Structure formats: C-alpha cells, structure tokens
Amino acid sequence: ENVKPEYQMTGYPVSSFYGDDQGNLWIGTKGGGIIKYNGRQSSGGGLGGQSGSFTHITEINGLTNNHVFQISGDKAGGIWVGTDGGGACHYSGDAFITYTQFNGLSGNVIMSVQEDVLGKIWIGTFGNGLSKYDPLNNSFTTDFSKSGFNGKYIYAITEDISGNLWIGTHRDGLYKYDGSKFTRYST
C-alpha cells in the first residue's frame, strides 16, 4: 500500500534504518511499524517531491508489534526486525516469521539483531540477555555464561572486519566475542 509521505513521516519517532541491496530504505518507528522507501521506483510521490514510493508495514501485514527498535538484514536478503514485546520478526519478501520466547528466544523485547560471518543471527534483548539463532537447525542458544558473557540488557551488536562480534550493554560494559570466548571491557 503506497501512502503519502506527509502522512507516513509524521507522528512516529524513527528508531532505526536499514538500507538493503535493492536500494530500499527500511525505516523502523516507535508505534508506526515499518516504512519501506523505494527510492528507485518512479511514482512521483516520494520524499520531498522526489520520485520513489513508500510502503507502510504494520501489524495488519504480519508484523507482531508496531514498536520497532531495530532493523537489519541477512546475507540471503531477508530483513530482521526487533520489536518491543513482539519478539524478532524475519521477513523474506513473502511473509513474516516471528520468533519469541515460545520458540526459544531469551526475551521478547528486541533491541538489536546482527548476522555473523557464519550466518548465525545474534539477538540482543532488553532484560533477558543474548540469543544466537541457527537458521540451519532452527534452534536458539541463550546461555553464554561459560564463555564469559552475563549481560542482560543488550543495546547494540555489530561485527568487525575480522569477524569479531561487539556487544554493547547497559551497565555491564562492552563485550567482544571472537568465536569462542567473550572479553569484557568496562565503559
């Protein structure tokens, strides 16, 4: 569904951005779901009068919660969405698949999502720690205490050029994961 930019871009705080390989900009909002901006499509109704189109994706379209904290992508072209209480949603272009505590995720308030070099999806929660999703086995790992990680509030996850994961927490510092163990840095 295409909507007018002035309707689409007002009233909801923007919480995250993700640019995919097809040139789309995915915009996460707090309360308005996701806005997908296709700057390549020429419809004349884009942002600031430029050509492009907007698609509004909400709970009506299968998103589990319209409060979006994080949007990221995976190597297969899928979109991962972290929501406020609705778990992690994966969109492959056809429909959303939702992962929650019922499926093994450590929590349902998702602050960060990052795919690693091996194709595993790391999911940071607010208050329930870290989860690692293995898409090949459709399974979650949620206990990382033996590897040196005990953070509960995960605000950010990224991967560096060497394949290390960096995990930013609230009140527990910064962690680096080298594939076998976590190293904690106080902040």
Side-chain angles (χ1 to χ4, degrees), residues 1-115 120-133 135 138 140 153-158 168 170:
E1 157 188 7
N2 291 333
V3 294
K4 296 179 182 176
E6 56 272 11
Y7 168 79
Q8 192 61 245
M9 301 305 290
T10 59
Y12 299 111
V14 172
S15 55
S16 64
F17 293 105
Y18 173 70
D20 69 21
D21 292 340
Q22 284 75 48
N24 298 306
L25 179 63
W26 298 78
I27 305 163
T29 71
K30 292 185 178 181
I34 299 169
I35 302 158
K36 178 182 168 188
Y37 176 67
N38 179 344
R40 294 183 180 180
Q41 184 174 340
S42 181
S43 67
L47 187 62
Q50 302 297 315
S51 63
S53 69
F54 289 93
T55 303
H56 196 186
I57 302 167
T58 66
E59 293 172 5
I60 294 169
N61 308 102
L63 188 62
T64 58
N65 190 304
N66 285 335
H67 292 266
V68 174
F69 286 128
Q70 173 73 35
I71 302 178
S72 64
D74 60 30
K75 292 173 187 71
I79 303 298
W80 286 88
V81 181
T83 70
D84 184 4
C89 301
H90 181 251
Y91 182 72
S92 62
D94 297 324
F96 283 99
I97 298 172
T98 301
Y99 301 94
T100 64
Q101 285 178 297
F102 179 78
N103 306 101
L105 189 61
S106 62
N108 290 334
V109 179
I110 310 302
M111 303 298 290
S112 53
V113 181
Q114 174 69 44
E115 182 181 32
K120 308 293 191 274
I121 308 298
W122 293 79
I123 302 169
T125 71
F126 184 81
N128 292 330
L130 186 64
S131 295
K132 178 176 69 171
Y133 175 66
N138 193 30
F140 285 93
Y153 296 87
I154 317 303
Y155 281 7
I157 306 171
T158 194
H170 176 69

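This is a predicted model, so every value here is computed, not measured.
- The salt bridge (Lys or Arg N to Asp or Glu O under 4.0 Å) pairs that include a residue from residues 52-79 are K75-E115, where partners are two or more places apart or lie in different chains.
- Between the side chain of D84 and the backbone N or O of F69 there is no donor-acceptor pair closer than 3.5 Å.
- Contact between Q114 and S72 at its shortest, heavy atoms only, is N-OG, 4.4 Å.
- Applying the side-chain contact (heavy atoms from CB on, under 4.5 Å) criterion to T64, with sequence neighbours excluded, gives T83, C89, T98.
- Residues that satisfy the side-chain contact (heavy atoms from CB on, under 4.5 Å) test with Y91, not counting sequence neighbours, are W26, I79, F96.
- Separation of atoms CG (L130) and CD1 (I154) is listed at 5.5 Å; rounding is to 0.5 Å.
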**OP:** Could you walk me through whether Q70 and I157 pass the side chain to side chain contact (heavy atoms under 4.5 Å, CB included) test, one step at a time?
**Re:** CA-CA 11 Å; Q70 173 73 35; I157 306 171; over 6 Å; no
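- Pairs of residues two or more places apart, or lying in two chains, never qualify as salt bridge (Lys or Arg N to Asp or Glu O under 4.0 Å) while including a residue from residues 18-36.
- Relative ring orientation between Y153 and H170 is described as perpendicular, the plane-to-plane angle rising above 60° on a 0-90° scale split at 30° and 60°.
- K132 NZ to W122 CH2: the interatomic distance, rounded to the nearest 0.5 Å, is 4.5 Å.
- When every heavy atom of L25 is checked against every heavy atom of F17, the shortest pair comes out as CD1-CD2, 4.0 Å.
- For S131, the side-chain hydrogen bond (donor to acceptor under 3.5 Å, both in side chains) partners two or more places apart in sequence, or in a different chain, are S106.
- Nearest heavy atom pair, residue S15 against residue T29, reads OG-N, 3.7 Å.
- Scanning all heavy atoms of the two residues, the minimum distance from N65 to V68 falls at O-CG2, 4.2 Å.
- Side chain of T100 to backbone of N108: no donor-acceptor contact under 3.5 angstrom is found.
- Annotation: the span from F140 atom CZ to I121 atom CD1 amounts to 9.5 Å, rounded to 0.5 Å.
- Two residues are said to be in side-chain contact when any heavy atoms from C-beta on lie closer than 4.5 Å; T55 and N38 fail this criterion.
- Contact record, P135 with K120: CD-CA, 4.4 Å, taken as the closest heavy-atom pair.
- Among residues two or more places apart in sequence or in another chain, the side-chain hydrogen bond (donor to acceptor under 3.5 Å, both in side chains) test is passed with Y99 by Y133.
- The OH atom of Y37 sits 10.5 Å away from atom CG of N24, with the distance rounded to the nearest 0.5 Å.
- Of the inter-residue distances, the one linking N128 atom CG with L105 atom CG reads 8.5 Å to the nearest 0.5 angstrom.
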